[in-house]
Amino acid sequence: MRRIRRVWIKLLAGLFCAAGLAGCGGGGSSFTWRAARVPANLDPQLAAESPEIIAVTHLFSGLYRLDAEGVPQLDCAESAEVSADGRVWTFRLRAGMRYAARRGEDAGYAVTAEDFVFGLRRVFLPETASPYAEVLGNIAGSEELLAGGDPGRLGVRALDELTLEITLRAPDEGFAEKLCLPGAMPCDEEFFEGTGGAYGLGMGTTIGNGSFYLYNWTESGLFLRRAAVGGQIGSLRIVLAQTEATAPGSAESGAGSDGQQRPAQPGPVELITGEKCDAALYDGPLGTGLTELPYTTTTWGLVFRCDEGPLASAQLRRALGAVAYGLALQLPEGCAPAEGLTPPDMDYGAGRTLPALGEPVQLYREALAELGTAQVTGLTVLVPQGYAQLFGQVNQEWQRQLSLFCKVQELPMEELQQRLAAGDYEIALAPFAPQNSSPASLLRQFGPDGVCALDAPAFVQAMAEAEGLTPGGAGWAGAMENAERILLAECPVLPLFYQTKALLVAPGIEGVVFSPFAPSIDLTWAVRG
C-alpha cells in the first residue's frame, strides 16, 4: 500500500512569494520573509498557519528534523530504538541541551525527556485545542486524554532525565516524520506555568531549543538569528509585507475590493530577476528561464451552498455535475482535468475516479419535481477575476442542455474567499488545497461544518471511520477512498481541474527544506554559496 506522497523539495534558493506572501532575500547570509502578517504566537503546540509554523520550526528542535532531502534525521535524540512490534519507540536525548531566551541568552532551563512528555501531553489536553492532535493521534491514550481523561495514561513517559519512551496504538512507519512537526517539540512545564497563560506571546514568555533564537519581535517583524558556521544562513527575518502582487506570474494594476486603484506590482518572476527575492511560489506558465520545481496540491472546483435554496437538492447538484463532468474544458497552462477531489501530490494509494452521476436532463427533471417548480432561475456563480471565460464553458452547456443559465460575478480572490467562509454564495468556482498532507484535511472542508454546509450522515460516518484508523495503516486508504466517493456522489463540490504550481528559484542557496502544505520552509540546513 502506498503512503501519502509528501512533497519535501530540496531548494537551490530560499524562501518564496505567494498571493499575500512574498519572500525577499537580504544581503549576506540573511533571509527576509515578507508575510501578510507577523507571527502572533510562538507556541509550537498551537502553530497552525504558515508564519507561526515557519517561526517555531526554527526556534525549536524536536526528536527528529527533516533534512534537505526530506528524510527524518535525529535532532535532539542521539539514538532511537523501535520495538519488534513497531509500537514502542525509545529515545536517548543528547546531553547538555539548553533553552535560549531573547537575544540568545541562556534561559536557565535544560532540555529533558520530561519536556517532551509535557509538550506531547499538551497536544491532547482539550483546553489546548492543538491542530496536531489528529496527526499524532496514534499515541496510546491520546483519545482518552482528548475526552478529558487522565494525562498520566498517555503513552509518553520519561524513563530518566534523558530517556523518553513513546507507545503507539498501532505501528506507524511515518511516525518519525510526524515527530518533526511543531506539535512534537518540547515544552518546559515550569517555564510554561510561570508565564501565567502568556506562553509564546511575547519576547519575555518565549524560549526555544532550536538552532535559531529570538532576536527581536515587533509589530512590523520577527527576527531570528543563529551562530552560523561557514556559509550557513545566519538570520531569518519575517516582516510585514507592504504590498502584494495583484496577479500571479505578472505585473498588473487594478482596483481593489474597496474600489481604489492599485499601482502595478511585480510578479514573482520580476521579484527574482530584480534580485528582490531568492525564490517565489508561482502559478503562471512554466518556462520562465528560472529553476522550476513543480508540484500539484490544488484542485479547482465548483462548490454549492447545500443547506438552502434550490441547491439543497442533491439531484439538482448531480444534474449540474453530470453536465460539467462531460466537458473537455479549455484550461489555462499548467492545469489538467481533475480525476477526483484529492490532488496528485496527495497519493494515498486508492486511485481517483469521478462519479457516474447519470443522464443530466433526467436528473434535472427529478430535481424540478422535488423542488415543485418548472424551472430554476436566478442563480449566481462567483468566480475569481480572470476566470469568467473558463466558467463560461460550463455555463453555456448548462444553458444548452438544461435551459439553466447562471449570472456570473467576478471578484478578487480575497473577497471570494471571504464570501465562501461567510456562506454568502450559491455557487462558486474556487481553488482548494489541503491544510496538511492528510486527505482528511481536504475532504473535511466540504462537510457539515465546511464551506458547503452539507448535511450527509453517510459522509460524516465514513469520515469518522477513516479518521479512526492509523494513517497509512491497514484499511486506511480504502476508508479514505470510501469517504471521498460518498462525498462526490452528494455533489457539494465538482472537481474540474488540478493546478500545478512551481517554486521558482534563483541560484546561490542550497539545502532549504520546503513543504507546500502550510506552506513552510526550514533553513536549518541552508547555506549560501
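Position 1 is the first residue of the sequence, and the numbers go up from there.
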| Salt bridge between Arg305 and Asp307, side-chain N to carboxylate O under 4.0 Å? |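 Looking at Arg305 and Asp307, the cut-off is met.
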| query | So, are Asp172 and Arg87 salt-bridged, with charged N and O less than 4.0 Å apart? | reply |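 Result for this pair is no, no salt bridge flagged.
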Taking all atoms of both residues into account, what is the closest heavy-atom pair of [X] and [Y], and its distance?
| X | Y | result |
| --- | --- | --- |
| Leu59 | Tyr213 | CD2-C, 3.7 Å |
| Thr297 | Ala433 | O-CB, 3.4 Å |
| Leu125 | Pro151 | CD2-CG, 4.3 Å |

Are the side chain of [X] and the backbone N or O of [Y] linked by a donor-acceptor pair below 3.5 Å?
| X | Y | value |
| --- | --- | --- |
| Trp89 | Leu168 | no |
| Glu52 | Ala40 | yes |
| Arg419 | Asp424 | yes |
| Gln232 | Val229 | yes |
| His58 | Gly210 | no |

Return each pair, listed once, that meets salt bridge (charged side-chain N to carboxylate O under 4.0 Å, His left out) where at least one residue sits in [range]; pairs must be two or more places apart or across chains.
| range | result |
| --- | --- |
| residues 439-452 | Glu134-Arg444, Arg444-Glu467 |
| residues 112-133 | Asp43-Arg122 |
| residues 161-170 | Arg157-Glu165 |

| Does Tyr215 have Arg103 sitting over its ring (NZ/CZ under 6.0 Å from centre, angle to axis within 45°)? |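 Here Arg103 passes the 6.0 Å and 45° test against Tyr215.
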Say you draw a straight line from [atom1] of [X] to [atom2] of [Y]; how long is it, rounded to the nearest 0.5 Å?
| X | Y | atom1 | atom2 | answer |
| --- | --- | --- | --- | --- |
| Arg92 | Leu159 | CZ | CG | 9.5 Å |
| Lys178 | Leu181 | NZ | CG | 9.0 Å |
| Cys187 | Phe118 | SG | CZ | 5.0 Å |
| Ile166 | Leu63 | CD1 | CG | 5.5 Å |
| Asp522 | Ser211 | CG | OG | 7.5 Å |
| Phe91 | Leu162 | CZ | CG | 14.0 Å |

Heavy-atom side-chain proximity of [X] to [Y] below 4.5 angstrom:
| X | Y | answer |
| --- | --- | --- |
| Met463 | Val460 | no |
| Thr163 | Thr90 | yes |
| Leu214 | Phe223 | no |
| Lys501 | Thr298 | yes |
| Leu136 | Ser142 | no |
| Pro39 | Ile238 | yes |
| Thr524 | Arg65 | yes |

| Going through the distances and angles, do Leu66 and Trp525 end up as a side chain to side chain contact (heavy atoms under 4.5 Å, CB included)? | CA-CA 9 Å; Leu66 293 174; Trp525 315 92; 5.8 Å; no
| Test applied, side-chain contact (heavy atoms from CB on, under 4.5 Å); reference residue, Thr206; option that passes from Leu42, Leu201, Val56, Asn41 |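 The option that passes is Leu42.
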| field | Check: Asp67/Gln73 side-chain N/O donor and acceptor closer than 3.5 Å | value |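 Yes, because at least one side-chain N or O of Asp67 sits under 3.5 Å from a partner of the opposite role on Gln73.
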Once side-chain hydrogen bond (donor to acceptor under 3.5 Å, both in side chains) is applied, do any residues pair with [X], and if so which ones, sequence neighbours excluded?
| X | value |
| --- | --- |
| Asp455 | none |
| Ser79 | none |
| Ser235 | Ser30 |
| Glu49 | Arg37 |

In a table with atom names and distances, give each donor-acceptor pair under 3.5 Å that connects a side chain of residues 190-198 to protein atoms at least two apart or in another chain.
| unit_1 | atom_1 | unit_2 | atom_2 | d |
| --- | --- | --- | --- | --- |
| Thr195 | OG1 | Phe192 | O | 2.7 |
| Thr195 | OG1 | Tyr199 | N | 3.2 |

Just jot down the side-chain contact (heavy atoms from CB on, under 4.5 Å) partners of [X], sequence neighbours excluded, or say none.
| X | value |
| --- | --- |
| Thr500 | Pro294, Thr296 |
| Ala113 | Leu93, Ala158, Leu164 |
| Cys76 | Ser61, Met97, Phe116, Asn209 |
| Arg98 | Asp106, Ala110 |

| message | With a 6.0 Å cut-off (strictly less than), is the heavy-atom count around CD of Glu81, excluding the residue itself, greater than 12? | response |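 Counting neighbours around CD of Glu81, 12 or fewer heavy atoms of other residues, nucleotides or ligands fall under 6.0 Å, so no.
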| request: Test Thr128 against Ser130 for side chain to side chain donor-acceptor pair (under 3.5 Å), laying out the working first. | output: CA-CA 5 Å; Thr128 304; Ser130 173; over 6 Å; no
| field | Verdict with supporting geometry, Gln499 and Trp300, side chain to side chain donor-acceptor pair (under 3.5 Å) | value | CA-CA 7 Å; Gln499 182 180 18; Trp300 282 75; 2.8 Å; yes
